[in-house]
Number of protein chains: 2
Amino acid sequence: MAAPRPTIHEVARAAGVSISSVSRALNGQTSNPEMVARVKAAVDEVGYVPSAVAQSLKTQQTGQIAFAMEDIGNAAYLAMVREIQPRLREDGYRLLLHATGADVQDEIEVLESLAQKYVDGLVLCPIRITERHIAALRAPAVPVVVIGQLPAGVDVDNVRTDSRLGARLAVEHLYAAGARRIALVNGPADTVPGQARHAGYLEGLAACDLPVDETLVEFADFQVDAGREAAARLLDRADVDAIFGANDLIAIGAMHALRSAGRSVPDDVQVVGMDDTILAATSFPPLTSVSLGSRERGGLAADMLLARLRGEPGAARRETVPPALTVRESTRGVAA
Amino acid sequence: MAAPRPTIHEVARAAGVSISSVSRALNGQTSNPEMVARVKAAVDEVGYVPSAVAQSLKTQQTGQIAFAMEDIGNAAYLAMVREIQPRLREDGYRLLLHATGADVQDEIEVLESLAQKYVDGLVLCPIRITERHIAALRAPAVPVVVIGQLPAGVDVDNVRTDSRLGARLAVEHLYAAGARRIALVNGPADTVPGQARHAGYLEGLAACDLPVDETLVEFADFQVDAGREAAARLLDRADVDAIFGANDLIAIGAMHALRSAGRSVPDDVQVVGMDDTILAATSFPPLTSVSLGSRERGGLAADMLLARLRGEPGAARRETVPPALTVRESTRGVAA
DNA sequence: CAACTCCTCGGAATCGTTTCCGACACGGGC
DNA sequence: GCCCGTGTCGGAAACGATTCCGAGGAGTTG
């Protein structure tokens with residue numbers, strides 16, 4: 001505890017050279033092999049490790065990148081993290097995690113704190129977009145990539161998917177599998193994904209010539225318990241033969257509710273989830289789910305950010321990952 | 001892009017005061033309200049945000065804490081992260097995540113890079129312990145808390161559980177529920193948790209007067225697919241009436257294997273998992289699982305680390321969280 | 001009214017690096 | 001033999017904050 005870490009000065013003294021020479025030798029700017037050897041020996045002798053902070057101050061780079069999402073407990077974000085982290089590592093970046101709990105205030109704080117320059121870049125997954133978001137995204141202090149829908153005119157690198165189309169695919173799949181009273185257990189109505197999925201659901205109904213029945217729609221947070229409770233309310237008041245859950249957690253909650261109500265999946269009621277997370281693959285019965293390419297989106301976001309950090313110029317890019325249905329055993333349909 | 005961020009000097013100039021006064025005003029060291037107001041006004045005028053890096057250099061604190069584990073995809077670690085992050089936040093720390101992929105080399109690198117002082121502390125969850133770990137833990141550059149078993153004599157703050165006892169509880173529960181041919185699908189044999197669980201399994205058999213039959217033991221990585229394959233191998237060669245999976249992922253893999261083999265859970269074969277993650281609660285049937293208090297352990301580790309960072313002196317502490325069985329529907333037992 | 005205390009503020013040093021710049025040595029070409 | 005280009009190394013100035021210290025003014029006390 002008492003011994004202060006040696007600095008570059010101690011190394012210089014031990015090697016009998018100047019600190020500039022030490023710095024150069026360590027950063028491969030020295031061609032004289034004897035000098036390099038001397039410095040390396042001194043480094044080992046005093047046990048020197050360069051201070052990341054001092055380097056950051058001088059070089060104006062931190063080697064850190066932040067990923068901000070609602071809740072790391074959501075497997076969709078997890079899939080992104082698992083894809084992002086290795087890529088960052090490869091380029092020598094460390095990953096900082098912000099779980100904002102979908103709190104708008106927190107997200108804004110994250111965006112505004114970028115000006116503190118504690119990271120070199122940010123990947124942000126907002127589920128609500130406010131005026132303040134847009135203002136903060138106008139001229140971020142460091143490169144930012146947003147995963148998710150953005151209003152037109154916001155000029156930020158962006159990776160998105162089409163969850164509206166995804167929701168429509170889910171409905172059409174259920175219709176093709178024979179369902180006629182298709183319910184939606186949606187996420188919160190004031191979130192961007194919630195609105196997109198609702199719209200897609202309606203679009204799907206229209207495409208299948210099914211009537212719109214608002215009693216077949218329920219809302220819940222994007223969580224298992226909330227999904228179970230919402231589905232239970234739904235089952236209480238309506239007769240359904242299929243449920244589309246706005247994400248896998250909700251869908252699994254719905255399956256639990258169905259089970260409690262003594263309805264079997266998929267024989268009595270078919271269920272489709274969304275995000276195609278590991279939960280879908282491991283549930284019983286395995287859950288048919290609309291993949292929104294979480295891993296792909298994470299990977300793309302990481303790549304775009306790294307490109308910017310390498311200095312790539314140009315206008316904001318946008319990549320879109322199409323949704324795709326993964327048919328498992330919670331529906332009676334056939335794979336597309 | 002072109003405009004450089006304003007520094008404390010710009011603020012000082014705009015306010016017509018010295019940089020020391022600006023610093024004091026912003027850090028609440030100034031009692032003159034007029035001065036504070038002037039500085040605040042200047043801050044807003046030039047749009048100043050202090051540089052985290054420069055502050056870190058001067059104060060020798062980064063406000064960051066790292067959490068290193070095998071794989072963030074494992075819900076047990078996830079539970080820890082979810083418990084750790086809010087506590088750190090409360091004390092103003094940010095969380096850095098290292099997923100090491102159980103690679104010893106990576107873990108060592110994380111430990112050694114602490115000397116770079118890019119974080120103020122570390123929570124480490126190793127699943128293998130090598131000589132190099134022990135050496136690196138001897139005198140870490142910043143406070144470290146280890147979650148998991150440690151050899152005697154390693155003098156580090158430590159939070160552990162007793163997964164050996166947990167495994168024994170699982171076996172005894174299965175025995176009480178009528179199982180007699182109890183299989184173990186373990187994790188890798190060279191990991192600390194793998195060894196502990198194996199030992200606890202044997203202990204449990206002994207306590208129930210059941211014979212040891214090594215054909216009832218299989219090994220797999222701590223993953224669903226690996227668990228499924230291992231369980232399939234097991235079912236091929238042996239007749240079992242219960243499977244204890246060394247974690248929930250393995251246990252769920254085993255349930256899939258059983259399902260493919262046409263055996264029902266819990267009627268034909270009972271299954272117990274370990275870690276009591278969200279996967280256990282959401283699977284069908286819900287999985288009986290041994291809780292190792294992941295959340296608690298994460299919370300304790302965070303608290304211990306924060307205490308050290310607040311300057312708490314004294315010898316290395318050790319906390320132990322006891323295992324507990326959560327009985328669900330994959331077994332026919334009754335809650336303890 | 002002088003002397004002393006207390007407080008506020010500004011100047012300058014400091015944290016630990018990287019990098020610019022100038023000094024000096026050396027070798028080659030005329 | 002002189003001059004110039006090339007290259008290596010050391011000194012010192014950054015990077016952007018915090019904080020020590022000393023100067024000066026205001027307020028108290030004898």
Side-chain angles (χ1 to χ4, degrees), chain A residues 3-40 42-43 46-64 92 113-120 141-142, chain B residues 3-40 42-43 46-64 92 113-120 141-142:
Chain A
R5 285 184 333 111
T7 72
I8 198 171
H9 289 94
E10 273 72 54
V11 178
R13 192 172 314 138
V17 300
S18 75
I19 62 164
S20 1
S21 298
V22 174
S23 176
R24 277 188 296 252
L26 294 178
N27 295 320
Q29 324 244 38
T30 304
S31 40
N32 180 348
E34 195 196 338
M35 171 67 87
V36 174
R38 258 174 93 171
V39 169
K40 293 251 161 92
V43 163
V46 303
Y48 169 71
V49 181
S51 153
V53 173
Q55 285 181 322
S56 295
L57 179 58
K58 190 59 197 178
T59 62
Q60 304 284 52
Q61 310 193 34
T62 61
Q64 302 187 151
S113 67
L114 290 181
Q116 293 180 6
K117 288 291 189 83
Y118 65 98
V119 289
D120 296 340
V142 298
Chain B
R5 287 181 335 110
T7 71
I8 198 170
H9 290 95
E10 273 72 56
V11 179
R13 193 172 314 137
V17 300
S18 75
I19 61 165
S20 5
S21 297
V22 174
S23 176
R24 277 188 296 254
L26 293 178
N27 295 319
Q29 324 242 40
T30 305
S31 41
N32 180 348
E34 196 195 337
M35 170 68 85
V36 174
R38 256 174 95 172
V39 169
K40 293 251 161 95
V43 164
V46 302
Y48 169 71
V49 181
S51 152
V53 173
Q55 285 181 322
S56 296
L57 179 58
K58 189 60 196 174
T59 63
Q60 305 283 50
Q61 308 193 32
T62 61
Q64 301 187 151
S113 67
L114 291 181
Q116 292 180 6
K117 288 290 188 82
Y118 65 99
V119 289
D120 295 340
V142 298

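Just so it is clear: chains get the letters A, B, ... in the order the sequence lines come, proteins before strands, and each one is counted from 1. Heavy-atom basis, side chains included; hydrogens, waters and symmetry copies ignored.
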Which side chain to side chain donor-acceptor pair (under 3.5 Å) pairs, counting each pair once, include a residue from residues 29-38 of chain A, with sequence neighbours left out?
-> none
Please confirm whether the backbone N or O of Y118(B) pairs with a side-chain atom of Q64(B), one donor and one acceptor, at under 3.5 Å?
-> yes
At a 4.0 Å cut-off to heavy atoms of chain A, the contacted part of DNA chain D spans dT8(D) to dG16(D)
Between the CD atom in Q55(B) and the CD atom in Q60(B), the distance rounded to the nearest 0.5 Å is 13.0 Å
Nearest non-hydrogen partners of R5(A) and A115(B), listed with the distance | NH1-O, 2.5 Å
Within the structure shown, what part of the strands sits under 4.0 Å from V17(B) by heavy-atom distance: base, sugar-phosphate, or nothing?
-> sugar-phosphate
Give one of base, sugar-phosphate or nothing for S56(B), where a contact means two heavy atoms less than 4.0 Å apart.
-> nothing
Is there a donor-acceptor pair closer than 3.5 Å between any side-chain N or O of S56(A) and the backbone N or O of A52(A)?
-> yes
Test item: T62(A) and K117(A) side chains (from C-beta on) under 4.5 Å apart, heavy atoms | no
Atom pair CD1/CZ of I8(B) and R13(B) - distance to nearest 0.5 Å | 12.5 Å
Going 5' to 3' along nucleotides 15-21 of chain C, which nucleotides have protein heavy atoms under 4.0 Å from the base (write B), which only from the sugar-phosphate (write S), and which from neither (write -)?
-> BBBBBB-
Answer yes or no: is there a side-chain heavy-atom contact under 4.5 Å between D120(A) and V142(A)?
-> no
Distance check: side-chain N/O of N32(B) vs OP1/OP2 of dC9(C), anything under 4.0 Å?
-> yes
